> 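Dropping the structure in here first, questions after.
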Amino acid sequence: LLESRERQPQWSPAFVVLLLVENIEEMSAILDFGDIEDDYVKMVVCALPLLVAGVMSLIFVLVLRRRLLNKKIGKDIDVPKLDYLAAKVKSGSIAFLKEEYKYLACYVAFWVVLLIILFTISPMKEDAMDDGVRCAACLLIGAVLSGLAGFIGMTVATDGNVRTTVACASGSLNDGLRVAFTAGAAMGFGVVGLAATGLSVLLLLMKPNRTQLQAVQYTHSFGFGASSIALFARVAGGIYTKAADVGADLVGKVEAGIDEDDPHNPAVIADNVGDNVGDVAGMGADLFESYIGSLIGTATLGKNEPAFLAFPLWLGAAGLIGSFIGFFFVRTKEKGDGWNTNLTALMFALEKGMYIANLVFLILAAVIVIVLFGHDSELGWRMYACVVIGLIAGMAIGKGTEFFTSFDYGPTISIKDRARTGPATVIIQGMGVGMVSTILPTIILVVAIVVCDALAAEYGIALAAVGMLGTLAISLSTDAYGPVADNAGGLAEMAGLGPDVRAKTDSLDALGNTTAAMGKGFAVGSAVLTALSLLAAFKEEATHHKKLSFDVSDPMLLAGTLLGAMLPFFFAALTMMSVGKAAAEMIEEVRRQFREVKNEKGTTLLEAIKKVTAEGRISEEDDVEPDSDRCVMISTRSSVKEMLAPGLYAVFTPLIAGFLIGPRMVMGLLAGCIGSPPPLAPPLPRLQLR
């Protein structure tokens with residue numbers, strides 16, 4: 001393969017696939033697709049393992065949810081207030097999703113109609129009148145499953161928060177960890193199960209009367225539908241959670257001097273809702289899209305060779321099996337001493353499951369290589385090496401993120417130490433540490449891309465993305481665990497539980513902050529590799545009917561790269577300004593309630609807060625309950641309204657560039673968009689300190 005590359009001046013994806021197809025005939029594979037005459041049977045063999053694993057994953061979600069619902073709630077320990085508060089968080093979360101999905105339904109409907117028209121006029125298969133319906137159906141299914149993934153995660157997370165609090169109140173830290181991780185696992189396995197089942201079923205449905213490549217191309221619409229939901233869910237969820245967080249902290253903690261989760265703060269329920277809509281529903285939709293994107297991109301580069309379609313799909317099934325096994329290894333013996341807990345030891349409780357899952361995944365991946373390509377296939381083991389590199393790169397990015405965000409290590413401690421001289425030095429140090437933290441993930445990604453390109457070209461880079469996301473089910477479980485633990489601590493504070501309970505929930509919350517930051521870093525790394533595989537697929541499609549040169553010195557390509565590198569900054573600016581608008585509205589509302597909300601005795605909310613601060617407690621008849629529902633409504637309305645401009649800008653910019661100028665501009669624009677976000681993204685979560 002390498003010798004052929006040296007003789008080939010332009011090592012295009014088509015040339016790579018040609019080499020792979022030529023080499024496969026010489027491999028002593030256990031499964032020889034050449035012995036299977038029926039093309040549809042070949043597709044069944046490729047997709048069936050992923051379909052079975054996906055269905056098993058969804059069944060596992062039902063088992064986890066049933067186990068979760070059997071756990072104790074507030075009334076079981078004579079603290080019914082916990083159930084009341086948890087119900088408010090859940091109702092606020094569901095209200096947000098309903099409002100968001102109303103807007104997204106109109107957006108998806110627009111694209112469904114447009115795809116029907118476009119692909120009916122210009123079908124993928126000549127004279128095929130149903131191509132428009134096929135593409136539109138795939139897009140609709142992708143959008144629905146992506147939205148369903150967020151809904152499942154939201155529901156389970158809001159059911160798990162109160163049960164985590166009760167587990168910490170009536171049991172050990174390990175009991176709380178297991179309950180919170182069970183809720184997170186229902187989210188993780190639900191997302192991957194829906195993605196695996198949806199993709200494999202669509203491949204089987206699209207295959208009749210089509211080639212393998214054509215069947216895969218229909219699923220591009222499936223990925224686009226999921227990507228559309230992920231984009232808006234991420235934007236709206238991020239605006240919601242940060243606006244509520246800023247409103248609750250600035251007025252409550254800074255101006256009124258009350259605790260972060262004090263029940264007198266009108267924005268505290270909205271703050272807890274925000275943890276779910278941003279880090280559960282948003283992250284779930286985001287990684288749902290990345291997961292199927294990696295599989296679709298790799299399958300597209302595999303052309304019409306069944307073995308190169310089966311390889312990524314079977315890897316997805318292997319990753320789910322590894323995640324099943326790794327789930328049962330998550331436990332800890334730590335006692336839970338709040339912020340004095342050894343976070344590294346507690347983190348290992350979650351990492352054990354990930355390590356086991358990754359080990360099982362690599363073993364099964366080696367078996368898949370032997371089955372598909374033969375034990376003596378150099379090319380097969382080169383591709384296996386790409387999978388291993390992707391997996392190691394993902395783990396390394398996660399550990400690097402942990403180093404820069406965990407309070408056990410120097411970077412975060414250095415930021416804390418700057419607090420002795422005021423907030424200005426904290427911000428300066430935080431920005432500095434955040435910028436330094438971009439070096440490690442960037443180098444890791446560069447090395448992974450270069451090595452995988454040398455091993456198996458663009459197909460190898462795509463396999464690295466599949467390897468990084470192979471055990472996504474358990475990786476996402478640890479990430480979704482974070483907001484559950486955070487909400488559990490908030491509920492314990494609002495319900496007035498004892499310091500021993502708070503110590504346990506604070507320990508889980510501290511770990512959750514780290515896992516959330518790791519999840520963001522992991523999402524960025526996987527998105528880069530997935531985007532590269534999709535970019536290679538786009539290049540192949542753009543040059544399919546017309547010969548085009550994508551030379552880096554081409555002014556049109558370079559202009560597109562400059563434009564693309566700018567777009568993420570403008571996108572970030574729009575979202576930050578949206579957060580500012582929503583937060584300002586929230587701040588004004590909290591201040592108004594402090595002044596105007598009164599009880600039957602005429603005591604204002606601010607007066608009640610001052611009495612609690614002075615005396616340490618307050619009677620029920622003297623207490624004042626804030627109108628938290630209004631704050632939830634404000635955050636919901638503002639976030640959904642403000643998500644439109646950034647979302648539509650991100651979607652339509654490449655389309656405008658493509659239709660007005662051409663594919664070379666789009667290629668440069670996409671390359672710039674892929675290159676600039678990785679260094680931009682890591683500094684932001686470094687500043688979120690507790």
Side-chain angles (χ1 to χ4, degrees), residues 1-5 8 11 13-39 41-50 52-53 200 203 211-213 216 294-322 358-392 448 451-470 529 533 536:
L1 180 63
L2 294 177
E3 290 175 358
S4 301
R5 178 176 185 176
Q8 179 74 6
W11 208 41
F15 176 67
V16 174
V17 174
L18 179 61
L19 287 177
L20 298 179
V21 173
E22 289 177 349
N23 276 271
I24 198 171
E25 297 176 355
E26 303 174 2
M27 301 175 189
S28 54
I30 296 176
L31 174 63
D32 188 355
F33 281 96
D35 295 335
I36 304 175
E37 296 182 359
D38 192 323
D39 286 343
V41 175
K42 293 180 181 179
M43 179 62 76
V44 171
V45 173
C46 293
L48 187 60
L50 184 63
V52 172
S200 53
L203 285 172
T211 65
Q212 173 184 304
L213 181 58
V216 172
S294 67
L295 295 178
I296 292 173
T298 310
T300 303
L301 294 174
K303 292 294 186 179
N304 283 307
E305 177 53 49
F308 297 104
L309 171 62
F311 193 34
L313 300 184
W314 289 16
L315 287 175
L320 268 172
I321 294 173
N358 290 336
L359 178 62
V360 173
F361 172 64
L362 291 180
I363 293 173
L364 293 177
V367 174
I368 292 172
V369 169
I370 294 173
V371 172
L372 291 178
F373 307 109
H375 69 279
D376 56 348
S377 167
E378 180 182 354
L379 180 58
W381 293 114
R382 285 177 179 273
M383 292 188 291
Y384 177 76
C386 293
V387 175
V388 175
I389 289 170
L391 180 62
I392 294 175
V451 174
C452 291
D453 179 68
L455 289 171
E458 290 160 338
Y459 188 79
I461 297 174
L463 284 176
V466 175
M468 184 178 288
L469 293 168
L529 295 181
S533 65

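On a predicted model such as this, the values are computed, not experimentally measured, just so you know.
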> How close do Gly322 and Val360 get, counting heavy atoms only, and between which atoms?
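Heavy atoms only, the tightest pair is CA-CG1, 3.7 Å.
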> I'd like to know whether the aromatic ring centres of Phe373 and Phe308 sit less than 6.0 Å apart in this structure.
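Distance test on ring centres: under 6.0 Å, yes.
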> Kindly write out the residues that satisfy side-chain contact (heavy atoms from CB on, under 4.5 Å) with Leu391, not counting sequence neighbours, or none if the list is empty.
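Scan of Leu391 (side-chain contact (heavy atoms from CB on, under 4.5 Å), adjacent residues dropped) gives Asn358, Phe361, Leu362, Met395, Thr471.
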> Looking at every non-hydrogen atom in both residues, tell me the closest pair between Cys386 and Gly460 and how far apart they are.
CB-O, 3.4 Å
> Could you state the interatomic distance from CG (Asp453) to OH (Tyr459), rounded to the nearest 0.5 Å?
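Nearest 0.5 Å value for the CG-OH distance: 15.0 Å.
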> Are Leu50 and Leu295 side-chain neighbours, meaning at least one heavy-atom pair lies under 4.5 Å?
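Counting from C-beta outward, Leu50 and Leu295 do come under 4.5 Å.
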> If the condition is side-chain contact (heavy atoms from CB on, under 4.5 Å), which residues does Ile363 pass it with, not counting sequence neighbours?
Leu359
> Quick one: does Val466's side chain get under 4.5 Å of Val387's, heavy atoms only?
no
> Under the side-chain contact (heavy atoms from CB on, under 4.5 Å) rule, collect the residues that match up with Pro49, sequence neighbours excluded.
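If we apply the side-chain contact (heavy atoms from CB on, under 4.5 Å) test to Pro49, skipping adjacent residues, the hits are Trp314, Ala317.
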> If the condition is side-chain contact (heavy atoms from CB on, under 4.5 Å), which residues does Ala385 pass it with, not counting sequence neighbours?
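Only Leu455 meet the side-chain contact (heavy atoms from CB on, under 4.5 Å) criterion with Ala385.
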> Ignoring hydrogens, what is the shortest heavy-atom contact between Ala47 and Leu313? Give both atom names and the distance.
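Shortest heavy-atom separation between Ala47 and Leu313 comes out as CA-CD1, 4.1 Å.
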> What is the distance from atom CG of Leu315 to atom CG of Leu320, rounded to the nearest 0.5 Å?
11.5 Å
> Between the side chain of Gln212 and the main-chain N/O of Glu305, is any donor-acceptor distance below 3.5 Å?
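Yes; at least one donor-acceptor contact below 3.5 Å.
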> What heavy-atom pair brings Lys42 and Pro306 nearest, and what distance separates the two atoms?
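Heavy atoms only, the tightest pair is CD-CG, 3.9 Å.
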> Please report the interatomic distance CG(Leu372) to CE(Met383), rounded to the nearest 0.5 Å.
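Result: 8.5 Å between the selected atoms.
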> Who pairs with Ser200 by side chain to side chain donor-acceptor pair (under 3.5 Å), at least two apart in sequence or on another chain?
none
> Please report the interatomic distance CD1(Ile296) to CG(Leu203), rounded to the nearest 0.5 Å.
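Reported to 0.5 Å precision, the distance equals 8.0 Å.
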> Taking all heavy atoms of Leu469 and all of Ser294, pick out the closest pair and write down the distance.
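Looking at all heavy atoms of both residues, the shortest contact is CD1-OG, 3.8 Å.
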> If we only count heavy atoms from C-beta on, is the Asp38 to Val44 side-chain gap below 4.5 Å?
no
> From the options Val369, Asp376, Val388, select the one residue that forms a side chain to side chain contact (heavy atoms under 4.5 Å, CB included) with Trp381.
Val369
> Is there a side chain to side chain contact (heavy atoms under 4.5 Å, CB included) between Met43 and Leu309 once you walk through the steps?
CA-CA 9 Å; Met43 179 62 76; Leu309 171 62; 3.7 Å; yes
